[in-house]
Protein chains: 2
Amino acid sequence: MTANDVVLFAKAIADATRQQIMKLCCCEWISVADITEKMQVSQPTVSHHLAILREAGLVEIRVEGRQTFYTLNQNRIANCCGQLMVKFAPDEVSTEAIKQTLS
Amino acid sequence: MTANDVVLFAKAIADATRQQIMKLCCCEWISVADITEKMQVSQPTVSHHLAILREAGLVEIRVEGRQTFYTLNQNRIANCCGQLMVKFAPDEVSTEAIKQTLS
DNA sequence: TTGACTCATAGACGATCTTCTATATAATCC
DNA sequence: GGATTATATAGAAGATCGTCTATGAGTCAA
């Protein structure tokens, strides 16, 4: 993971609407329609944010007929957060257990 | 730490120039002039980015005469990353060791 | 006190981002 | 095939962001 990847990750999560969407698809597969229903923005806006999350590798996609289901890629999120900590909080991630988990 | 704080943190780190500055003041106190010297942007631009990092609580400040020194608040960074993981990668932060460190 | 130095602030400009409406694409049903 | 449904894409408008130059504010030394 390059320095640029860390910036891309940060940009991807740097929006309230996007974080709301991330929360909705954090622990389950959910369709675009179901996401839209729980948000205060239009369906194209939801699709746009999902595209940004997709390009950053933060969500996984499963197409089923007409519907498209999304779920958060928790492993990727954890890795990116780990990179952030190693890069910007190195003195706080010094224990072996943490280092192993984040590596 | 509220949901809004997590967004503010993400916004604060979502810029390549800012991450470069963060790296420079990660493990030492460094003056604005010294930061500017190592960057490819003007001094006001550096001050602007430092203000954003300051408002997000990501840097500490020490004024000494004419100079102002900044250093990264690693503890805050670690906490914010921890919040991100708990919120968006809950299944990946299930070990006790990690939970304790992030709490 | 004057001049030099360090940093912050103000204002402007261009680029990027978020959102919308309108529409295209693709799958399903009658 | 034609209508309906689910999602993506295109294009535009407005807001936000990053950068610059110019300048203000505070500090130090002569």
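All heavy atoms count here, side chains included; hydrogens, waters and symmetry mates do not. Since the model is a prediction, treat every value here as computed from it, not as a measurement. Just so it is clear: chains get the letters A, B, ... in the order the sequence lines come, proteins before strands, and each one is counted from 1.
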Exercise answer: donor-acceptor pairs, residues 43-61 of chain B side-chain atoms, under 3.5 Å, sequence neighbours excluded:
{"unit_1": "B:Q43", "atom_1": "NE2", "unit_2": "B:S47", "atom_2": "OG", "d": "3.1"}
{"unit_1": "B:T45", "atom_1": "OG1", "unit_2": "B:S42", "atom_2": "OG", "d": "3.0"}
{"unit_1": "B:H49", "atom_1": "ND1", "unit_2": "B:R18", "atom_2": "NH1", "d": "3.2"}
{"unit_1": "B:R54", "atom_1": "NH2", "unit_2": "B:Y70", "atom_2": "OH", "d": "3.4"}

inquiry  = Give the residues of residues 43-50 of chain A touching DNA chain C, defined as any heavy atom closer than 4.0 Å, sorted by residue number.
reply    = A:P44, A:T45, A:H48, A:H49
query = Mind checking what makes side chain to side chain donor-acceptor pair (under 3.5 Å) contact with B:R76, not counting sequence neighbours?
reply = none
request  = Heavy atoms only: give me the nearest B:A14-A:K11 pair and the separation to one decimal.
outcome  = O-NZ, 3.5 Å
Bounds of contact between DNA chain D and chain B, in 5' to 3' order, using a heavy-atom cut-off under 4.0 Å = D:dG18 to D:dC28
Least distance between heavy atoms, A:I30 atom then A:D34 atom = CG1-CB, 3.5 Å
request  = Using heavy atoms and a sub-4.0 Å distance, could you list which residues of residues 55-64 of chain A are near DNA chain C? By number, please.
outcome  = none
task = Kindly calculate the angle separating the two end axes of the helix from C:dT1-D:dA30 to C:dC30-D:dG1, each obtained from five base pairs, and round it to 10 degrees.
result = 10°
ask   = Which nucleotide span of DNA chain C, 5' end to 3' end, has atoms closer than 4.0 Å to non-hydrogen atoms of chain A?
value = C:dT18 to C:dT28
key: With sequence neighbours excluded, residues passing side chain to side chain contact (heavy atoms under 4.5 Å, CB included) with B:E28   = none
inquiry  = Could you check whether any side-chain heavy atom of B:C26 comes within less than 4.5 Å of a side-chain heavy atom of A:K87, counting everything from C-beta outward?
reply    = no
note = Interatomic distance, CE@B:M85 vs CG@A:N79, rounded to 0.5 Å, equals 8.0 Å
task = Go through the structure and list residues passing side chain to side chain donor-acceptor pair (under 3.5 Å) with B:Q20, not counting sequence neighbours.
result = none
key: Given DNA chain C, 5'-ward residue of the pair B:R54 and A:R66, judged by closest heavy atom   = B:R54
inquiry  = What's A:Y70 touching, base or sugar-phosphate or nothing? Going by heavy atoms closer than 4.0 Å.
reply    = sugar-phosphate
request  = Using a heavy-atom cut-off of under 4.0 Å over every strand shown, decide if A:T68 touches base, sugar-phosphate, or nothing.
outcome  = sugar-phosphate
ask   = Just by modelled atom types, is the B:D91 backbone N or O under 3.5 Å from a matching donor or acceptor in the A:Q74 side chain?
value = yes
key: Those residues that, when tested against A:K38, pass side chain to side chain contact (heavy atoms under 4.5 Å, CB included) (two or more places apart)   = A:L24
ask   = Which atom names give the shortest non-hydrogen contact between B:M22 and B:L72, and what distance separates them?
value = O-CD2, 3.6 Å
task = State, with a plain yes or no, whether a side-chain heavy atom of A:F69 is found less than 4.5 Å away from one of A:C25.
result = no
key: Taking every non-hydrogen atom, the tightest pair across A:S31 and A:Q67   = CB-OE1, 3.8 Å
query = Are A:V32 and A:V63 joined in one hydrophobic group, where the rule is that I, L, V, M, F, W and Y side chains link up if heavy atoms are under 4.5 Å apart?
reply = yes
message = Side chains of A:M39 and A:I21, heavy atoms from C-beta outward: is any pair under 4.5 Å?
response = yes
With sequence neighbours excluded, residues passing side chain to side chain donor-acceptor pair (under 3.5 Å) with A:Q19 = none
request  = Mind listing the closest non-hydrogen atom pair of B:V86 and B:V93 along with its distance?
outcome  = CA-CG2, 4.2 Å
Close approaches to DNA chain C from residues 5-28 of chain A, in residue order (heavy atom, under 4.0 Å) = A:D15, A:T17, A:R18
task = Indicate, with yes or no, if B:F9 and A:L8 share a hydrophobic cluster defined by side-chain heavy-atom contacts under 4.5 Å among Ile, Leu, Val, Met, Phe, Trp and Tyr.
result = no
